[in-house]
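Remember, it's 1-based here, ligands and their atoms both numbered in the order they're listed. Residue indices begin at 1 and follow the sequence shown.
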Amino acid sequence: MKAIQVGLLGIGTVGSGVFNVLSRNQEEIQRRAGRGIEIAMVADLDTARAQSIVGNRTKVVKDAREVIANPDIDIVVELIGGYGIARELMMEAIAAGKHVVTANKALLAVHGTEIFAAAHKRGVMVAFEAAVAGGIPIIKALREGLTANRIEWIAGIINGTTNFILSEMRDKGLDFDVVLKEAQRLGYAEADPTFDIEGVDAAHKATIMSAIAFGIPVQFDKAYVEGITKLATQDIRYAEQLGYRIKLLGITKRAARGIELRVHPSLVPAKRLIANVEGAMNAVVVQGDAVGTTLHYGKGAGSEPTASAVIADLVDITRLHTADAAHRVPHLAFQPDQMSSEPVLPMEEIVTSYYLRLRVADQAGVLAQVTGLLAGAGISVDAMLQREAGEGEKQTDLIILTHAVREGTMNEVLAKMQGLPTVLAPIVRIRKEELA
Ligand SMILES: NC(=O)C1=CN([C@@H]2O[C@H](COP(=O)(O)OP(=O)(O)OC[C@H]3O[C@@H](n4cnc5c(N)ncnc54)[C@H](O)[C@@H]3O)[C@@H](O)[C@H]2O)C=CC1
Ligand SMILES: N[C@@H](CC=O)C(=O)O
Ligand code: NA
């Protein structure tokens, strides 16, 4: 049988990985797919660089629409990124009856509903394993391997760049900017790295996972997003003293009144496996009612790890190419007419525990004022740490770990606490997840 014909749009970090791994493992992949998979055409604005990657036997064009218009192409792989041209090309490829593979989580988290509906209508597949946690097969795990479960929550380190930055800052004492540049050099960072450091990329991925886990539409606009740019090294140190690590977590959880969907730095007990995930590695913990806890660990970014996921999708599509649409695995795991309208909760409604750091006057009665406010709101204290004030110092740090409470309640208490004359600087609040 003739090899399935693939058109690659964009041959940068991930695209070149796809080409290289597919070439290197061609024979084995063909034995698994039951048919050859051939990159027949590549489009990239930088045609010279593209041609130097693929050699003379593969056709390279500048205009991606030439690939889509080619009737021989069965699958279009979108590896350009962003919302603009990538969205147009993806919709055009679907309209032309091509299956699509993409790593573009930003696009799917925001426009997934439109894209999946178009694909469903046209009877083509849109596969996106590379879009969440790079090489870790988490989409497949959630959609297929864990499909028997009522998923309770998912929490993950799902941005390699920020985990790399946090690890390098903590272990080597390097500056934020220096480590970010290194992450960019290694091909981990997004084209706009603010997406990484402000938590947006992780929120895109968490949005996709929430849809698959809970059968709700992708709703990036409802996600709470907080990155790592405001994290101070002293909080990382205090957290360590209390037996915790700070990680940027993407969390989605089934709560009594809706779905939590949030990304923010979180204290995680140092003894948890996920707390020890370092560098650009990703890890996703999934809690299902039948299976219990599963941990999915691996490279979440980089050329070949991400290519591994893209090619897995190519193999899936190759296998399913002849099956009718009704027998395919649904994009978001649930059948399109079975999607739930359960709301994504506003941040005030989530329930979690907290790390608080207060800069306070070193005088009698301060502790009682602060704990009095917490007790008044029914918030119990789990642990406390007070830095001893230095000789002649009139202020000090007070660190408090609380038990779980509604975020709205905590906001009210923090506003009152901030108003105490003995609290001398903005209070630092970092959420804390026990993940057990
Ligand atoms: N780099 C990584 O580790 C990961 C990236 N992704 C996603 O994969 C996608 C690609 O990312 P990278 O390979 O890192 O980006 P990249 O910037 O290295 O590559 C993008 C390529 O697209 C080409 N391009 C831009 N506009 C084009 C157009 N109009 N027509 C044709 N080609 C065009 C560029 O010349 C470049 O070669 C993005 O959606 C990204 O979010 C997902 C997981 C991991
Ligand atoms: N910029 C992303 C790349 C993979 O999705 C990351 O750092 O994880
Ligand atoms: Na993945």
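In this structure, CG on D201 lies 4.5 Å from CG on N159, to the nearest 0.5 angstrom.
Note: Y188 and F164 meet the aromatic proximity criterion, with ring centroids under 6.0 Å apart.
Note: F220 and H204 have tilted aromatic rings, judged against thresholds of 30 and 60 degrees for the angle between ring planes.
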Show your reasoning for whether salt bridge (charged side-chain N to carboxylate O under 4.0 Å, His left out) applies to R431 and E433.
CA-CA 7 Å; R431 297 165 192 93; E433 307 292 333; over 6 Å; no

If you apply the rule salt bridge (charged side-chain N to carboxylate O under 4.0 Å, His left out), what do you find for K230 with E198, and how did you get there?
CA-CA 9 Å; K230 295 192 183 78; E198 297 297 356; 5.3 Å; no

Hey, mind stepping through Y297 and N282 against side chain to side chain donor-acceptor pair (under 3.5 Å) and telling me if it holds?
CA-CA 6 Å; Y297 170 82; N282 278 198; over 6 Å; no

I'd like a table of the close N/O pairs between ligand 2 and the protein (anything under 3.5 Å), one pair per line with both atom names and the distance.
unit_1, atom_1, unit_2, atom_2, d
ligand 2, 1 (N), Y188, O, 2.6
ligand 2, 1 (N), E190, OE2, 2.7
ligand 2, 1 (N), D196, OD1, 2.7
ligand 2, 5 (O), K105, NZ, 2.6
ligand 2, 5 (O), K205, NZ, 2.7
ligand 2, 7 (O), N159, ND2, 3.4
ligand 2, 7 (O), G160, N, 3.3
ligand 2, 7 (O), T161, N, 2.9
ligand 2, 7 (O), T161, OG1, 2.6
ligand 2, 7 (O), Y188, O, 3.1
ligand 2, 7 (O), D196, OD1, 3.4
ligand 2, 8 (O), G160, N, 2.7
ligand 2, 8 (O), K205, NZ, 3.2

Under a 3.5 Å threshold, I'd like every N/O contact between ligand 1 and protein atoms, with atom names and distance.
unit_1, atom_1, unit_2, atom_2, d
ligand 1, 1 (N), G187, O, 3.0
ligand 1, 3 (O), G187, O, 3.4
ligand 1, 3 (O), G302, N, 2.7
ligand 1, 13 (O), T13, N, 3.2
ligand 1, 13 (O), V14, N, 2.8
ligand 1, 18 (O), T13, N, 2.9
ligand 1, 18 (O), T13, OG1, 3.2
ligand 1, 35 (O), D44, OD1, 2.6
ligand 1, 37 (O), G12, N, 3.4
ligand 1, 37 (O), D44, OD1, 3.4
ligand 1, 37 (O), D44, OD2, 2.7
ligand 1, 37 (O), R49, NH2, 2.8
ligand 1, 41 (O), K105, NZ, 3.3
ligand 1, 41 (O), E190, OE1, 2.7

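Neighbouring protein atoms of the Na ion (ligand 3) (N, O or S, distance under 3.0 Å, waters ignored): E129 O, E129 OE2, V132 O, G134 O, I136 O.
No donor-acceptor distance shorter than 3.5 angstrom exists from the side chain of K247 to the backbone of L267, with no hydrogens or angles considered.
A cation-pi geometry, defined here as NZ or CZ lying under 6.0 Å from the six-membered ring centre and within 45° of its normal, does not hold between R406 and Y354.
For E152, there are no salt bridge (Lys or Arg N to Asp or Glu O under 4.0 Å) partners two or more places apart in sequence or in a different chain.
Between D46 and K62 no salt bridge is recorded (no basic side-chain N to carboxylate O distance below 4.0 Å). Salt-bridge formation is detected for the pair R32/E28: a Lys NZ or Arg NE/NH1/NH2 atom is positioned less than 4.0 Å from an Asp or Glu carboxylate oxygen. With salt bridges taken as basic N to acidic carboxylate O contacts below 4.0 Å, none links K98 and D74. We find that E278 and R245 are joined by a salt bridge, their nearest charged nitrogen and carboxylate oxygen being less than 4.0 Å apart.
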